[in-house]
Amino acid sequence: MNEQVHPASASAQALLTVRDLRTWFTLRKWGFLHAGTVHAVDGVSFDLARGEAVAIVGESGCGKSTLVRTLLGLDRPTEGEIVIEGESLGTMDAAALRRLRATVGYVQQDPYGALPPFMSISKILAEPLRIHGVSDRRERDRRIRAALEEVGLTPPDEFLEKFPHMLSGGQQQRVVIARALILEPALIVADEPVSMLDASVSVGILRLLRRIQHERALTLVFITHDLSTVRHFANRVFVMYAGRFVETGAVDDLLDTPQHPYTQALLAAIADPDPDNAGRERPVPGGEPPSLVRPPPGCRFHPRCPQVMAGLCDREEPPAFEPRRGQTSWCWLHR
Amino acid sequence: MAEPLLVVEDLSLHYRTEAGILRALDSVSFELGRGEAVVLLGESGCGKSSLAKALLRLLPRNVAHHSGRVLLDGTDIMALSDERFRRDIRWNRISIVMQAAMNALNPVVKVGEQVAEPLLVHAGWKRAAAAEKAAQALARVGVAADFMDRYPFELSGGMRQRVVLAMALITEPALVILDEPTSALDLLTQAGIMNVLKRIKWETGTSFILITHDVGTSSELVDHVALMYAGQIVETSPARDFFREPAHPYGRALMASVPRLHDRADPVHIEGNPPNLLDPPEGCRFAARCAQRFAPCDREPPFARLAGGRRALCWLFDEGGRE
Ligand SMILES: Nc1ncnc2c1ncn2[C@@H]1O[C@H](COP(=O)(O)OP(=O)(O)OP(=O)(O)O)[C@@H](O)[C@H]1O
Ligand SMILES: Nc1ncnc2c1ncn2[C@@H]1O[C@H](COP(=O)(O)OP(=O)(O)OP(=O)(O)O)[C@@H](O)[C@H]1O
Ligand SMILES: [Mg+2]
Ligand SMILES: [Mg+2]
């Protein structure tokens, strides 16, 4: 099956369709001199079906947050197309964008900075309702209590009048999730929802997200550094490197038979608790992720790739291949 | 048996806070052999960093109580004057990589000078010799010599963490304490740094106290596990035994909560929260969340000795505790 494919051919029932998306940032010196362009997202295409859970993984700075921020209309795309529920983001006016934000719940990176410190939990949760026109106080109150119950902050009365600093990190993150859920969105985007939390707390949060996703048939996109959790909380995985996807696939396939050398390196770097780890070195590709201002030619992973083919990988951009059914890998090895 | 490098006995550390006395460490005891590594495992706030700071006497002003014995090579370093501790112990015999230290590098001092600093300040070295030693220390952690003249902001997070590590190693201390040395870093960077630590342990016989809440990462380095819960050590075991099956019920719950790459079974979340250290419960501190709780747990548990040199602070292993 070593054929070249066009990734993500458009499908009718997709909740979200993204085509050749690029989000670049211009770096300026002294506020006006052009000093370079950060190719944070640089040619990404995919579809999201209703009700699926997708994990985006990749190293720090590879463009994960920029990708989801662009989907939310928070960063402006430089090029490409985003279609949500049949409507193109590019042609939306301000009112449509506001409606979009109500259909997408956003759990931003950094839970500790996410909640305003001087607002009580009830005020924090009331705000999105007020902004989106739920003017009846009793209705707001009912929905706030329901949201707190849904995220396991019970009884709600114990939390309503508290301020964020009175809650543990895990409880704060539950409030952030409650706020993302309160407008009953069709899509939830969670940017590293558990990276600052203890393992046992983060398992609780991820299970909560999964339960809500199942119960409400939500679509969930979550960004994570932690590949060992994705099997439990995602159906599909997108692996990103330097602004691009390098591999996508169903979670079990991607974790059990990774195709791209970068995915293989990531998986080989994971330490499951095993005392034998202490007695052996791990294979780690040398070097560091490349500059997004001047990304390397050809395959962006080629300077670090243990299987690099000189004359090809350092010159030609690899297209999408489907080395196994349902698993797409952008690597010349599959040619 | 050879004398251990480090013996910690009944170490306690309490902080004064507006809400009362916070018991960050209560009667903590453990040992560490020469050339061995131990990990302090436990959830956020259980006292791991406090233990590291108490060992090195890097204490905040609001300490209400600090007591216990810390023997390094048989000498009680708790009994030393501050002056002698600073001159002979800190940096020279025991050094530390503090939590988030890579963000605390001095932004206006070149990397090479910062790495050499412990030699200049704490060991009275001459500049040229210290610079040469700094280059060696950086090479050892995988940083090329041309980074010596750069400033911290020019380095990636992974590189800065290696620099901090070189600083801790440059005086060739017998013991290095690592407080979350990889927690903010990417997977590949993390694996690279753990490789460096392993190599240093094998080649130089340096002992390590590793602090992390990442159980998987800890297994990259350690020979022993000291499990902490709410200011106490509740289990000490050889790593091999602990990772196979922890003795303490908290250890078992913690291991069950760790997701594993090739495991299809769901990780299990530990219900409830740890107790308030301002007013810890009498009896076992884990009892409120423990699946195996029984009548004796209302009383303070013994630190029971188990086979294979393991110990657990739990009534389950005490003959007298069973009804
Ligand atoms: N507003 C901006 N202006 C300029 N550069 C930006 C901006 N936002 C992000 N970048 C750059 O774009 C690149 C991608 O950043 P992004 O935050 O998307 O990465 P990430 O994959 O989410 O990283 P992390 O895992 O650390 O959160 C980085 O080089 C970052 O510095
Ligand atoms: N200077 C201080 N004054 C008062 N309380 C403190 C002080 N430093 C720490 N604490 C408290 O002591 C307890 C133990 O803190 P410590 O930093 O040792 O935990 P930790 O196990 O290192 O946590 P983490 O995994 O989050 O780093 C916590 O309840 C903390 O809030
Ligand atoms: Mg990000
Ligand atoms: Mg700490």
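In this text the structure is predicted, and so the values were computed from the model without any measurement. Order of the sequence lines fixes the chain letters, A, B, ..., with proteins taken first and strands second; residue numbering starts at 1 for each chain. Values below: every heavy atom of this structure, side chains too, minus hydrogens, waters and symmetry copies.
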Look at [options] and state which one has the largest set of heavy-atom pairs under 4.5 Å with chain B.
options	answer
A/Val284, A/Leu266, A/Asp272	A/Asp272
A/Pro273, A/Gly204, A/Pro283, A/Gly279	A/Pro273
A/Ser228, A/Ala269, A/Gly58, A/Ser202	A/Ser228

Would you mind checking which part of [X] comes under 4.5 Å of any heavy atom in chain B, side chain (CB onward), backbone (N, CA, C, O), both or neither?
X	value
A/Ile205	neither
A/Glu59	both
A/Pro285	side chain
A/Arg231	side chain

Does some side-chain heavy atom of B/Val268 sit less than 4.5 Å from a side-chain heavy atom of A/Val203?
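No, every pair of side-chain atoms sits at 4.5 Å or beyond.
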Let me confirm one number: the [atom1]-[atom2] distance from [X] to [Y], rounded to the nearest 0.5 Å.
X	Y	atom1	atom2	value
A/Thr229	B/Asp266	OG1	CG	11.0 Å
B/Leu188	A/Glu288	CG	CD	10.5 Å
A/Asp274	B/Arg260	CG	CZ	9.0 Å
B/Leu261	A/Asp256	CG	CG	8.0 Å

One pair to check against salt bridge (Lys or Arg N to Asp or Glu O under 4.0 Å): B/Lys198 and A/Glu281. What are the steps and the verdict?
CA-CA 8 Å; B/Lys198 284 181 223 182; A/Glu281 276 192 39; over 6 Å; no
So, for B/Trp202 and A/Ala278, which heavy atoms are closest and what is the spacing to 0.1 Å?
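Smallest interatomic distance, heavy atoms only, reads CZ2-O, 3.3 Å.
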Atom of B/Glu220, atom of A/Ala271 and distance for their closest heavy-atom approach:
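Shortest heavy-atom contact: OE2-CB, 3.5 Å.
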Which one, [options], leads in non-hydrogen pairs under 4.5 Å with chain A?
options	value
B/Pro267, B/Gly142, B/Gly45, B/Ala239	B/Pro267
B/Asp214, B/Asp263, B/Thr189, B/Asn273	B/Asp263
B/Met159, B/His213, B/Lys201, B/Arg240	B/Arg240
B/Ser44, B/Ala37, B/Gly192, B/Ser183	B/Ser44

Which bit of [X] comes within less than 4.5 Å of chain A, counting heavy atoms only: side chain, backbone, both or neither?
X	result
B/Arg244	neither
B/Met194	neither
B/Leu187	both
B/Val258	side chain

With a 6.0 Å cut-off (strictly less than), is the heavy-atom count around CZ of A/Arg294, excluding the residue itself, greater than 12?
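For A/Arg294, atom CZ is not crowded (no more than 12 foreign heavy atoms under 6.0 Å).
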Kindly determine whether A/Leu206 and B/His269 satisfy side-chain contact (heavy atoms from CB on, under 4.5 Å), including the steps that lead there.
CA-CA 10 Å; A/Leu206 290 171; B/His269 161 223; over 6 Å; no
Under 3.5 Å, is there a donor on one side chain and an acceptor on the other for A/Asn277 and B/Ser219?
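A/Asn277 vs B/Ser219: donor-acceptor pair found between side chains.
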Within the 3.5 Å criterion, strictly below it, is a donor on A/His225 or B/Asp186 matched to an acceptor on the partner's side chain?
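Per modelled atom types, A/His225 and B/Asp186 side chains form a pair under 3.5 Å.
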